Each structure stands twice: as C-alpha cells, then as structure tokens.
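Just the heavy atoms: all of them, side chains too, but no hydrogens, waters or symmetry mates, feed the values below. Here the structure is a predicted model, which means the values were calculated and not measured. First listed ligand is number 1; within each ligand, the first listed atom is number 1.
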Amino acid sequence: MKPLNEVIAACPPSGIRRFFDIAAEMDDVISLGVGEPDFVTPWRIREAGIYALEHGYTTYTSNAGLPRLRELICADLAERYDARYSPATECLITTGVSEGLDLALRVLLNPGDEVIIPEPCYVAYEPCVAFAGGVPVRVPTSWEDGFAISAEVVAAAITPRTKAVLIGSPANPTGAVQPREALEALVRLAQEHDLYLISDEIYDRLTYTGAHTCLGALPGARERTVLLGGFSKAQAMTGWRVGWICAPEAVAELCVRVHQYTMLCAPHISQLAAVEALSAAEDDVTEMVADYDRRRRVFVKGLREIGLECPEPGGAFYAFPSIRSSGLDSETFAERLLKEQSVAVVPGSVFGPSGEGHIRCSYATALPLLEEALERMGRFLRSL
Ligand code: PLP
C-alpha cells in the first residue's frame, strides 16, 4: 500500500487520551483530567435547542452562520471589550473553536510558514499547525513568571519564515491570564515583523483575579489578529459544537471559503441554542463562573496544604501545580497517582517541555470530589 499522509502519520496521539484509557478500565477513579465543564448546558439553552428541533430548524444555515448569532457575538465583543467587528463581513460561525483554529491556520499559512507557539499550551495547537502545512516553533514560558508570554523570547524565535504567533489566554493548561502589558508588547513585535496573531479566547469569561484582555481590542492588533471564541466552556456547550471567528474581512472571507467547502455550516440547532446563550443566559454563566471560583479557591488552597506549590490560576478551570518536590517526572507522577490512588490528572509534559514538573488538574469537578481527590493526593505524596 502507498504511504498515508506523512505529516499526520508522524503526529503522536494526544497524551491526554492515554490516561483516559487507563482510567476507563478502573473503578472509583476521580477524574481531574478532562477539560470539560461538569455542568450540563443551562436549561434555557437546551430548551432553545428543543424548540429548534420541534419547529423543524433542521436545515443548513448560510455558510457564515445565522446573521442573528453573528450580530450577537459582535455586539457582545463590542460591549465587553470595545472590540469592533462587522457581523456581515468579519464574523463567521464555526463548529467549535477547533474548527476555527483549523480554518485560521489554513487561511494564514503557506507551506513551510512558521508559527510561534508559547508553551505549555493546548495540545491541538502544534498538530493543527502541522496539518495546515506550517511548522510549529515552540517558545517557553515559565511558572516563575506566571507563564506570561515574553516578547523578547518570541522575538528570538522569529525567522524570515515566521508568519504568526498563536496564543491562548486564559490558558489551558496553566490557567494563566496574559497581562495586558505582555499582550501589548507582543502586538508591537507583530507590527514590527508583520506577523499575524491568532488568539484563542475560548475561556474569556472564565477569569477570577483580573480582567481578560481581548486581543482584537488592543490598538494596532485588530488588522493582524484572528480572534477565536466559542460556547463550549463558559456556557457548558461542548457537545453542541459551536464557536466563531472574528477577523479582518480579507481573512474572514477566506475562512468562509474553506468552511463552505469543508463544513458547509455549523449545526443549525446549535446556532439557535447559541443565540439563546448570548441573549438570555448571562446569569447562568455568572453562576457557573462563581462556582468554578469557589472550587478554584478550595482546590488551590488544598494543593498548597498537601505540599504542592501552585501558582494562582487566574482563569479557565485548571490548576497547574508544581510536582518537583515529589522527585518524580510528571508522566510517572500522573501514572502512579492514577494506579495507586485512583486520581486522574494530566502530566504537564504533554503540553510542551515547559510543562514538565507540573500536572494539570481540572477543577470543573464537584467540590466533594475535589476534596476527596486532595485527600488521595496527600496520601500519595506521603507514600513517596
Ligand atoms: N481551545 C482551547 C484552549 C481548549 O482548551 C479547547 C478545549 O478543550 C478548545 C479550544 C476546543 O474548543 P471547542 O469545543 O470550541 O472546539
């Protein structure tokens, strides 16, 4: 048989999945592994989905997505961040941020173009760059600096082939929220070297210690930024598969071009549910965010009490404690913790080399389970 696509064949499966597979074989596992809300989608949003089904909204929509949803997304960005996008020409609805990321990369990259990715980062970034024909170039961040992106470190990685910088804030896996000054420095650098910025802001509503900075609203950023957002996290809508891209018209137009041939449109029912999410479910979001914040405080305090240093996670729903004091590497730590105490976490190394020495724990888990997980983790550490 002729060989399959060599870029895809060379890409290893996600390191997170391996732990799910082990955990699935075991009883009584407390999983802090998944990056998914433990809430079901708020009832009013589900009801909008049911209404859409009952009334037969089962067709395609326009390729770019329902105009009403695009209007709501742009109005929301304008209201919360003063980021201004035209719903008609600069916004499209995608099948989650996952598709948005893929579209952005395919539209921006020519074969061999380099994309700088500060890590530790979301596991899909590097593979998606490679699948789009680009070359991912990692740059480190460190917990000593709160995982802030350093413009100098990014600058040192720039070559004549650099096309874009891909960032996520608030971040998976660190929970770090990029300080405004770090983003401003990055924008200046992008202007100097004529780079695009891809900004994954899927966790934008999930911030606890300070305001989120929307990259599309920073002076000088808008014309070179592709902004990605969605409904999976804050609105607990992972399974509905709906997200969006806001970008300058030339980029948005080409994103629609790819989307119209590969996806046609995002699911109609999900788009109608997303309309409800943006027009009437803000109180539900606020309640969930407050709940995550309560869990965050309890969990981070608990980690520190059992002897794990943990930088304050300002956003998303992940804690990224250091496990260096255990003397184990993150892979061994996670594997032994799972086998010996039935707690599933993700080794930091799967998110990039700077993640080594850490584990990612999702606190989108009920408080009693978080407390039990802390007990077990404490027992594990004492046994070492
Ligand atoms: N971006 C980040 C940083 C994520 O953590 C995730 C999911 O875990 C996604 C994107 C995927 O989002 P979606 O469900 O909208 O495809």
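In this structure, Glu126 pairs ionically with Arg138, as a charged nitrogen and a carboxylate oxygen lie closer than 4.0 Å. Asp204 has a carboxylate O that lies under 4.0 Å from a charged side-chain N of Arg80, or vice versa, which qualifies the two as a salt bridge.
Using a distance-only test at 3.5 Å, with no hydrogens or angles considered, a donor-acceptor pair links the side chain of Glu356 to the main chain of Ser330. Asp329 places a side-chain N or O within donor-acceptor distance of the main-chain N or O of Thr332, the cut-off being under 3.5 Å. In this structure a side-chain-to-backbone donor-acceptor pair under 3.5 Å is present from Arg70 to Pro87. Here the side chain of Asp113 pairs a donor or acceptor atom with the backbone of Asn110 at under 3.5 angstrom. A donor-acceptor pair under 3.5 Å is absent between the side-chain atoms of Glu372 and the main chain of Leu367, judged by distance alone.
The protein heavy-atom contact nearest to atom 8 (O) of ligand 1 is Lys233 NZ, 2.6 Å. Of the protein's heavy atoms, Asp200 OD2, 2.6 Å lies nearest to atom 1 (N) of ligand 1. Distance from atom 15 (O) of ligand 1 to its nearest protein heavy atom, with residue and atom name: Val97 N, 2.7 Å. For atom 14 (O) of ligand 1, the closest heavy atom belonging to the protein is Ser232 OG, 2.6 Å. Atom 16 (O) of ligand 1 has Ser98 OG, 2.5 Å as its closest protein atom, hydrogens excluded (heavy atom only). Of the protein's non-hydrogen atoms, Ile202 CD1, 3.1 Å is the one closest to atom 12 (O) of ligand 1.
The shortest N or O to N or O distance between Val242 and ligand 1 is not below 3.5 Å. By the 3.5 Å distance cut-off applied to N or O atoms, Asn172 is counted among the residues near ligand 1. Considering backbone and side-chain atoms alike, Thr238 places every N or O at 3.5 Å or more from each N or O of ligand 1. Considering both main-chain and side-chain atoms, Arg241 comes within under 3.5 Å of ligand 1 through a nitrogen or oxygen pair.
One hydrophobic cluster holds both Val345 and Val350 under the rule that ILVMFWY side chains link at heavy-atom gaps under 4.5 Å.
Because its NZ or CZ atom is both nearer than 6.0 Å to the ring centre of Tyr85 and within 45° of the ring axis, Arg222 counts as a cation-pi partner of that residue.
Applying the 4.0 Å criterion to heavy atoms of Gly96 picks out, from ligand 1, the atoms 15 (O), 16 (O).
Only the side chain of Tyr125 comes within contact range of ligand 1, with a heavy atom under 4.0 Å; no backbone atom does.
Between Glu99 and ligand 1 there is no heavy-atom distance shorter than 4.0 Å. The shortest heavy-atom distance from Phe231 to ligand 1 is not under 4.0 Å.
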